[in-house]
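These numbers were taken from a predicted model, which means no experiment stands behind them.
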Amino acid sequence: MKVKAFAIAGALSVLSIAVCQSAKAQAPYEFWYAYSGGAFATLCDLHMNDEISTNTLQLVQKNFMGNGAGHPAAKKEAVNAVLAQEVFKDCPLRRY
């Protein structure tokens, strides 16, 4: 099960890096809000189903939030939107 979780976390990190590097110009706020919201909801769902640990979730979030690409305000709002959903209220995402 740890191999599966590691593979999922690796895929998430590769996806976020590939999208960031493929963008030639700064994407608009709406793109980063939707993209980040989906990524954070996926992390919460994986954590709730015991596929990844709390440490892994927070490490992926920290790397995603701090990699410099994207719209920082959109990422912060996406975290708040995910945590506002009833199903993800106990998710250990950090608010920035």
Q) Can you tell if the side chain of H71 reaches within under 4.5 Å of the side chain of Y33, non-hydrogen atoms only? A) no
Q | Side-chain donor-acceptor pair present, Q61, R94, cut-off under 3.5 Å | A | no
Q.
Distance check, rounded to the nearest 0.5 Å: L43 atom CG versus Q58 atom CD?
A. 10.5 Å
Q) Any link between V82 and Y96 through a network of hydrophobic side chains (Ile, Leu, Val, Met, Phe, Trp, Tyr) touching at under 4.5 Å? A) yes
(Q) Donor-acceptor pair, distance only, cut-off 3.5 Å: does the side chain of D45 make one with the backbone of A41? (A) no
Q: Starting at NE2 of H47, measure out to CG of D90 and round the result to the nearest 0.5 Å.
A: 10.0 Å
**Q.** Any C91 side-chain heavy atom under 4.5 Å of M48 side chain
**A.** no
Q: Please assess L57 against L46 for the test side chain to side chain contact (heavy atoms under 4.5 Å, CB included), listing each intermediate value before the final yes or no.
A: CA-CA 9 Å; L57 178 142; L46 289 169; over 6 Å; no
Q: Report yes if the distance between the aromatic ring centroids of F64 and F40 is under 6.0 Å, otherwise no.
A: yes
(Q) Which heavy atom of G37 sits nearest to which heavy atom of A78, and what is that distance? (A) N-CB, 3.5 Å
Q | Within-4.5 Å side-chain heavy-atom neighbours: K76 and M65 | A | yes
Q | Plane angle bin for Y35 and W32 - parallel if under 30°, tilted between 30 and 60°, otherwise perpendicular | A | perpendicular
**Q.** Same apolar cluster (I L V M F W Y, side chains within < 4.5 Å links), L59/V79
**A.** no
Q: Answer whether the closest heavy-atom distance between the side chains of K89 and L83 falls below 4.5 Å.
A: no
Q. Is the shortest heavy-atom distance from the side chain of C44 to the side chain of L93 under 4.5 Å?
A. yes
